[in-house]
Amino acid sequence: MSRSGPNLLYILADQLRLHSCGFMGDARAMTPNLDRLAGTGANFINATSIQPLCGPYRASLMTGCYLTTNGYVMNELSARTDMPTLAGTLTEHGYRCAYVGKWHLYSTQTKTHENVAELVANPANHFVPPGPDRMGFDDYWAAYNFNHDYYKGFYYKNEFQRIDIEGYEPDAMTDLAVAYLRKAKQNDQPFCLFVSYGTPHQPWTQENVPEEWLARFRDIDFPPPPSYREGSGRYIHAWFDEQWWQNNVKPNLLQWQRIYYAMTANLDWNVGRLLKRLDDLGLAEDTIVVFTSDHGDLFGAHGRVQKNIFYDEAARVPLLISQPGIVPTGYTSDVCLNTPDIMPTLLSLMDAPIPDSVEGMDLAHCVLGRPGPEPKAAFLQRMGPSVDWDDGFEWRALRDKRYTYALQRAGRREFLFDNRRDPHQMRNLASET
């Protein structure tokens, strides 16, 4: 194959937490393809999401920068188009860059508390026009900005014309990606293909997952996490109080998790389809495969649901990187790899230049199992809340190989957890000093 560098297949899940994967020891998870991928490459067990929220993660991934630099501090904003990007750099380096699935880095209007529903429903916010807003993914585009109604899926190409999906959206996105791989096989240029799934993000309703997958988990018990406590959702919306928790969270946690794991099993099946297509086309040896997620979910841990917090259930993500004959087989790395580090690491592995604007660290040597410099810790930050700018839930955190330290704006509360002795982060050492 006449190519100037390895291909890249980047598979991105939405809201899949690290410890809901079989390769991390969860016996309830049905993730055989991910388990095999973990056994054929590098498993980064300390990978974190810079801000456990969809848009900020994606902006940091694409720019290699922290949120204080790229300005993407909460969802429903438009990413800056004046910065070097991962796909833009690869395009300049001779790659064909393609994107399939959820984008969540574009908006035609400014988000405010009053117009969130209107903004999400506006079709103009789902069509990302060709040009700089696609951040370098110029070869092929079959994407939407935001949708989690998986039986009402859709996408756009280069025209403002919605293409509705028949059937289950993750399956259809995989079909599109498989078709792209078939065409990419015919090109002399290497490719970069992102496949961004919406699952296993909520809503977790029976109507939002195929029955054949839900049936596998219908009788499986999911006890509350060890750190479960009664809570509220005030960090999401001011009116989500303790009664909201009793009415909406507590009675639904078991079913939510069954559906979450069913969505994850379907996701794993689709990952297997992508990997099989690489093998069938003879592309596997020339392709770096990355599987990861933008953040996790708490499911009642610490009296919280969803994400956007420094606790491990939200901040730690699966990150698998594989390439036959290049990445050591079954290799586990404990490097503190954060979202801004992904762009320079991949560019280095692909023999592409790293722009001077990138703030993350090139950790390609860690992928290859070689010694070299490492970050002392991952720096995590919640710059802006989900709805309003000033609700007191802004925070900063450092997570190294043993400890998590966090400072929350509200009351300047401090948190310190020894993750080795207290893996569920139930004992705040900062309150004992």
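Because only heavy atoms are used, hydrogens play no part in the values below, and waters and symmetry mates are left out as well, while side chains stay in. One is the number of the first residue; the rest follow in order along the sequence.
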List for me each residue that meets salt bridge (charged side-chain N to carboxylate O under 4.0 Å, His left out) alongside Lys183, sequence neighbours excluded, and say none if there are none.
none
Partners meeting side chain to side chain donor-acceptor pair (under 3.5 Å) with Thr69 (sequence neighbours left out)
Glu359
Has the side chain of Asp294 got a donor or acceptor atom that lies under 3.5 Å from a matching backbone atom of Gln15?
yes
For the side chain of Thr339 and the backbone of Ile50, is there at least one donor-acceptor N/O pair under 3.5 Å apart?
yes
Pairs touching residues 19-39 that satisfy salt bridge (Lys or Arg N to Asp or Glu O under 4.0 Å), sequence neighbours left out
Asp26-Arg28
Mark yes or no for whether Asp341, through its side chain, and Asn338, through its backbone, hold a donor-acceptor pair below 3.5 Å.
yes
Using side-chain contact (heavy atoms from CB on, under 4.5 Å), reason through Ile342 and Leu86 one step at a time and then give a plain yes or no.
CA-CA 9 Å; Ile342 296 176; Leu86 173 59; 5.7 Å; no
May I ask you to decide if Ile220's main-chain N or O and Arg258's side chain share a donor-acceptor pair within less than 3.5 Å?
yes
Selection residues 326-337 - residue pairs positive for salt bridge (Lys or Arg N to Asp or Glu O under 4.0 Å), sequence neighbours left out:
Asp334-Lys401
Mind running side-chain contact (heavy atoms from CB on, under 4.5 Å) on Leu380 and Leu398 for me, showing each step along the way?
CA-CA 6 Å; Leu380 313 181; Leu398 287 168; over 6 Å; no
Heavy-atom donor-acceptor pair, Tyr99 side chain to Gly136 backbone, under 3.5 Å
no
Output for pair (Ser293 OG, Ile11 CD1), nearest 0.5 Å, gives 12.5 Å
In this structure, OG1 of Thr345 is separated from CD1 of Ile321 (nearest 0.5 Å) by 7.0 Å
Check for a donor-acceptor pair, side chain of Thr287 on one end and backbone N or O of Ala284 on the other, with a separation under 3.5 Å.
no
Could you tell me whether Lys102 and Asp14 make a salt bridge, using a distance below 4.0 angstrom between a side-chain N and a carboxylate O?
yes
Are more than 12 heavy atoms, taken from residues, nucleotides or ligands other than Glu230, located less than 6.0 Å from that residue's CD atom?
yes
May I ask you to say whether Arg134 pairs ionically with Asp138, meaning some side-chain N is under 4.0 Å from a carboxylate O?
no
Got a second to check how far Leu337's CG is from Cys366's SG, nearest 0.5 Å?
7.5 Å
Lys/Arg N to Asp/Glu carboxylate O, Asp418 vs Arg402, below 4.0 Å
yes
Sequence neighbours excluded - ring-ring contact (aromatic ring centres under 6.0 Å, His included) pairs with any residue from residues 13-59
none
What verdict does the side chain to side chain donor-acceptor pair (under 3.5 Å) test give for Gln425 and Asn419, after you've listed the backbone C-alpha separation in whole Å, the side-chain angles of each residue and the deciding distance to 0.1 Å?
CA-CA 6 Å; Gln425 299 176 319; Asn419 300 321; 3.0 Å; yes
Applying side-chain contact (heavy atoms from CB on, under 4.5 Å) to Thr81 and Asp133, what does each step give before you reach the verdict?
CA-CA 6 Å; Thr81 59; Asp133 287 302; 3.5 Å; yes
Can you spot which of Tyr155, Tyr197, Tyr144 makes a side chain to side chain donor-acceptor pair (under 3.5 Å) with Glu169?
Tyr144
Parallel, tilted or perpendicular: ring planes of Phe194 versus Tyr10, cut at 30 and 60 degrees
parallel
Closest approach of Gly5 and Pro190, non-hydrogen atoms and distance?
O-CB, 3.5 Å
Can you label the angle between the His237 ring and the Phe240 ring as parallel, tilted or perpendicular, going by 30° and 60°?
perpendicular
Please work out whether the ring planes of Tyr260 and Trp204 are parallel, tilted or perpendicular, with thresholds of 30° and 60°.
perpendicular
Set of ring-ring contact (aromatic ring centres under 6.0 Å, His included) partners for Phe310, sequence neighbours left out:
Trp395, Phe415
Checking Thr89 against Met343 for the side-chain contact (heavy atoms from CB on, under 4.5 Å) test, could you report, in this order, the C-alpha distance in whole Å, the side-chain angles of both residues, the deciding distance, and whether it holds?
CA-CA 10 Å; Thr89 302; Met343 175 176 170; 4.1 Å; yes
Is the distance between the ring centroids of Tyr168 and Tyr151 under 6.0 Å?
yes
Applying salt bridge (charged side-chain N to carboxylate O under 4.0 Å, His left out), name anything that partners Arg413, two or more places apart in sequence or on another chain.
none
Spacing of Thr199 atom OG1 and Ile259 atom CD1 [to the nearest 0.5 Å]:
13.0 Å
Between Phe222 and Tyr261, is the ring centre distance below 6.0 Å?
yes
Sequence neighbours excluded, which residues qualify as salt bridge (charged side-chain N to carboxylate O under 4.0 Å, His left out) partners of Arg427?
Glu432
Are a donor atom and an acceptor atom from the side chains of Asn46 and Asp400 found within less than 3.5 Å of each other?
no
Counting distance only, does the side-chain N/O of Thr31 pair as donor-acceptor with the main-chain N or O of Leu34 below 3.5 Å?
no
What distance do Gln381 atom CD and Leu67 atom CG have between them, rounded to the nearest 0.5 Å?
4.5 Å
Which word best sums up how the rings of Trp213 and Trp269 line up, parallel for under 30°, tilted for 30 to 60°, or perpendicular for over 60°?
tilted
Can you say whether the rings of His126 and Phe154 are parallel (under 30°), tilted (30 to 60°) or perpendicular (over 60°)?
perpendicular
Are Asn33 and Asn270 close enough, and set up right, to give a side chain to side chain donor-acceptor pair (under 3.5 Å), and what steps lead you there?
CA-CA 9 Å; Asn33 295 294; Asn270 279 304; over 6 Å; no
Applying ring-ring contact (aromatic ring centres under 6.0 Å, His included) to Tyr405 and not counting sequence neighbours gives none
Applying ring-ring contact (aromatic ring centres under 6.0 Å, His included), can you list everything that pairs with His148, at least two apart in sequence or on another chain?
Phe146, Tyr150, His201
May I ask you to say whether Arg218 pairs ionically with Glu211, meaning some side-chain N is under 4.0 Å from a carboxylate O?
yes
Test salt bridge (charged side-chain N to carboxylate O under 4.0 Å, His left out), reference Arg273, set Asp280, Asp279, Asp268, Asp175, output is Asp175
Give a yes or no answer on whether the side chain of Ser49 reaches the backbone of Ala315 with a donor-acceptor pair at less than 3.5 Å.
no
With no hydrogens and no angle check, is any side-chain donor or acceptor of Thr329 less than 3.5 Å from a backbone partner on Gly41?
no
Residues which pass salt bridge (charged side-chain N to carboxylate O under 4.0 Å, His left out) with Arg96, listed by chain and number, not counting sequence neighbours
Asp139
I need the full list of salt bridge (Lys or Arg N to Asp or Glu O under 4.0 Å) pairs touching residues 82-91, with sequence neighbours left out, sorted by first then second residue.
Arg80-Asp82
So does His104 get a backbone contact from the side chain of Asn145, meaning a donor-acceptor N/O pair under 3.5 Å?
yes
Assess, by modelled atom type and distance only, whether the side chains of Asp297 and Gln306 contain a donor and an acceptor separated by less than 3.5 Å.
no
